[in-house]
Peer 1: 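Questions regarding the structure given below will be posed in turn.
Below, all heavy atoms of this structure are taken into account, side chains as well, without hydrogens, waters or symmetry copies.
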Amino acid sequence: FDIGSGYGEWSFFFQNNFKKIYAFENSPTMNFQMTEAIKKNSIKNIEVLKADVGEVRFLTNFDVALMSGILIYLDDDRLNHLLKELKRVSKNGSVIVVRDGTGINNEFIIDGDYSEALNSSYYALYRTRERYIEIFLKYGFKLLKDEDMFEEKSPLNKWKETRLRIYKFIYQE
């Protein structure tokens with residue numbers, strides 16, 4: 001599963017590693033762009049599905065799920081729904097890889113701030129590392145590994161309150 005696939009960069013990157021990739025995205029524009037790229041490149045193993053990840057209902061089991069940059073946009077209710085659904089379609093050994101912003105010392109919330117890059121006001125919830133671990137564990141996903149994406153002094157660490165982190169969870173019955 002590529003959950004919150006956007007234009008499909010990760011699906012395209014991993015297409016040769018998996019028999020089938022289900023790309024879940026709610027944006028019609030992104031879905032159209034991805035579908036056109038799939039047609040143009042005659043890709044047969046990626047299926048694009050329009051889905052709001054906070055309300056999605058999965059129809060098949062999975063081996064690996066990737067969530068890149070979407071969890072900060074889900075409030076706790078929507079994240080719990082997503083993880084409950086993933087648990088429902090997990091099998092022993094299913095892996096979830098999360099690449100997302102994380103609050104360093106505390107949860108960090110952006111509530112209606114204007115972003116010039118997005119040309120819009122937006123909401124984001126940067127949970128702490130400990131909170132992510134707690135929420136995933138509640139649904140049977142145990143942390144295997146996690147780390148910051150960039151070294152502490154990297155200019156790619158844009159904000160003092162948050163860090164981009166990567167997590168690897170495994171479902172164990």
Peer 1: Would you call the rings of F14 and F18 parallel, tilted or perpendicular, where under 30° means parallel and over 60° means perpendicular?
Peer 2: perpendicular

Peer 1: Are Y132 and V53 joined in one hydrophobic group, where the rule is that I, L, V, M, F, W and Y side chains link up if heavy atoms are under 4.5 Å apart?
Peer 2: yes

Peer 1: Restricting to non-hydrogen atoms, name the atom on D2 and the atom on S11 that form the minimum distance, rounded to 0.1 Å.
Peer 2: OD2-OG, 2.7 Å

Peer 1: If you round to the nearest 0.5 Å, how far is CZ of R131 from CG of L79?
Peer 2: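 Reported value, rounded in 0.5 Å steps: 8.0 Å.
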
Peer 1: Measure the shortest side-chain to side-chain distance between K50 and E25 over non-hydrogen atoms and say whether it is less than 4.5 angstrom.
Peer 2: no

Peer 1: Hey, are the side chains of L71 and V98 touching, using non-hydrogen atoms and a 4.5 Å cut-off?
Peer 2: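 In contact.
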
Peer 1: So with a 6.0 Å cut-off around NZ of K142, is the heavy-atom count from everything else above 12?
Peer 2: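 No, NZ of K142 has 12 or fewer neighbouring heavy atoms, counting only those of other groups under 6.0 Å.
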
Peer 1: Find out whether S90 and F141 are in side-chain contact, i.e. whether some heavy atom of one side chain is under 4.5 Å from a heavy atom of the other.
Peer 2: yes

Peer 1: Nearest 0.5 angstrom please: F62 CZ to I21 CD1, how far?
Peer 2: 14.0 Å

Peer 1: May I ask you to test the L86-Y171 pair for a side-chain heavy-atom distance under 4.5 Å?
Peer 2: no

Peer 1: Is there a chain of hydrophobic side chains (I, L, V, M, F, W, Y, each step under 4.5 Å between heavy atoms) that links Y73 to V97?
Peer 2: no

Peer 1: Return yes when atom CZ of F32 has more than 12 non-hydrogen atoms of other residues, nucleotides or ligands closer than 6.0 Å, and no otherwise.
Peer 2: no

Peer 1: Please step through side chain to side chain contact (heavy atoms under 4.5 Å, CB included) for the pair I3 and L82, ending with a clear verdict.
Peer 2: CA-CA 10 Å; I3 302 172; L82 175 59; 4.3 Å; yes

Peer 1: Do the side chains of I110 and Y126 get nearer than 4.5 Å, heavy atoms only?
Peer 2: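 Yes - at least one pair of side-chain heavy atoms lies under 4.5 Å apart.
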
Peer 1: Locate the shortest heavy-atom distance separating F12 from I46; write the atom from each residue and the value.
Peer 2: CD2-CD1, 3.7 Å

Peer 1: When you look at NZ of K84, are more than 12 heavy atoms from neighbouring residues, nucleotides or ligands closer to it than 6.0 Å?
Peer 2: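 Result for NZ/K84: open.
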
Peer 1: For residues F136 and L74: do they belong to one hydrophobic cluster (side chain heavy atoms under 4.5 Å, members Ile, Leu, Val, Met, Phe, Trp, Tyr)?
Peer 2: yes

Peer 1: Do the non-hydrogen side-chain atoms of I43 and I38 ever get within less than 4.5 Å of each other?
Peer 2: yes

Peer 1: Does a salt bridge link E55 with R78, judged by any charged N lying under 4.0 Å from a carboxylate O?
Peer 2: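 Result for this pair is yes, salt bridge flagged.
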
Peer 1: Taking N157 for the side chain and E152 for the main chain, is one N or O donor matched with an acceptor at less than 3.5 Å?
Peer 2: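 A pair under 3.5 Å: yes.
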
Peer 1: With a 3.5 Å cut-off and no angle check, do the side chains of Y167 and T102 form a donor-acceptor pair?
Peer 2: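 Side chains of Y167 and T102: pair found under 3.5 Å.
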
Peer 1: Let me confirm one number: the CD1-CG distance from I170 to L144, rounded to the nearest 0.5 Å.
Peer 2: 5.0 Å

Peer 1: Given side chains that start at C-beta, do those of L164 and F150 come closer than 4.5 Å, heavy atoms only?
Peer 2: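 They are in contact (side-chain heavy atoms under 4.5 Å apart), so the answer is yes.
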
Peer 1: Does a salt bridge link D148 with R165, judged by any charged N lying under 4.0 Å from a carboxylate O?
Peer 2: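 Here D148 pairs with R165 in a salt bridge, since their nearest N and O are under 4.0 Å apart.
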
Peer 1: Backbone N or O of G8 within a donor-acceptor pair of the S5 side chain at under 3.5 Å?
Peer 2: no

Peer 1: What verdict does the side chain to side chain contact (heavy atoms under 4.5 Å, CB included) test give for D111 and Y122, after you've listed the backbone C-alpha separation in whole Å, the side-chain angles of each residue and the deciding distance to 0.1 Å?
Peer 2: CA-CA 6 Å; D111 192 4; Y122 73 106; over 6 Å; no

Peer 1: Count the heavy atoms belonging to other residues, nucleotides or ligands that lie under 6.0 Å from CD of E36, then report whether that count exceeds 12.
Peer 2: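 Counting other residues, nucleotides and ligands, CD of E36 exceeds 12 neighbours.
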
Peer 1: Which atoms form the tightest heavy-atom contact between V56 and A51, and what is the distance?
Peer 2: CG2-CB, 3.8 Å

Peer 1: Answer yes when R127 and D100 have at least one side-chain N-carboxylate O distance shorter than 4.0 Å, and no when they do not.
Peer 2: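 A salt bridge is absent here (no side-chain N lies under 4.0 Å from a carboxylate O).
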
Peer 1: Among R129, R99, K168, exactly one meets salt bridge (Lys or Arg N to Asp or Glu O under 4.0 Å) together with D146. Which residue is that?
Peer 2: R129

Peer 1: With a 4.5 Å cut-off on side-chain heavy-atom distances among I, L, V, M, F, W and Y, is there a chain of contacts connecting M34 to Y22?
Peer 2: no

Peer 1: Mind checking the CD-CZ spacing from E85 to R88? Nearest 0.5 Å is all I need.
Peer 2: 4.0 Å

Peer 1: Would you compute the distance between atom OG1 of T35 and atom NZ of K40 and round it to the nearest 0.5 angstrom?
Peer 2: 14.5 Å

Peer 1: I want to check something: taking the side chain as every heavy atom from C-beta on, are L125 and D76 in contact at a cut-off of under 4.5 Å?
Peer 2: yes

Peer 1: Quick one: do M67 and V95 end up in the same hydrophobic cluster if we chain Ile, Leu, Val, Met, Phe, Trp and Tyr together by side-chain heavy atoms under 4.5 Å apart?
Peer 2: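 No.
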
Peer 1: Using the ring of each side chain (for Trp, its six-membered ring), is F58 parallel, tilted or perpendicular to F1, with breaks at 30° and 60°?
Peer 2: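 Parallel, since the angle between the ring planes stays under 30°.
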
Peer 1: Determine whether I104 and K160 satisfy the following criterion, side chain to side chain contact (heavy atoms under 4.5 Å, CB included), listing intermediate values before the conclusion.
Peer 2: CA-CA 8 Å; I104 296 175; K160 65 181 185 211; over 6 Å; no

Peer 1: Using a strict 4.0 Å threshold on nitrogen-to-oxygen distance, state whether E47 and K20 make a salt bridge.
Peer 2: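 Yes, E47 and K20 are salt-bridged.
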
Peer 1: One thing to verify: whether K91 and E173 come together as a salt bridge, which I'm taking to mean a side-chain N less than 4.0 angstrom from a carboxylate O.
Peer 2: no

Peer 1: Regarding K19 and N45, do their side chains bring together a donor and an acceptor under 3.5 Å, going by distance alone?
Peer 2: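 No pair is found: no donor N or O on one side chain lies under 3.5 Å from an acceptor on the other.
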
Peer 1: With rounding to the nearest 0.5 Å, note down the distance linking OG1 in T128 to CD1 in I133.
Peer 2: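 Result: 8.5 Å between the selected atoms.
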
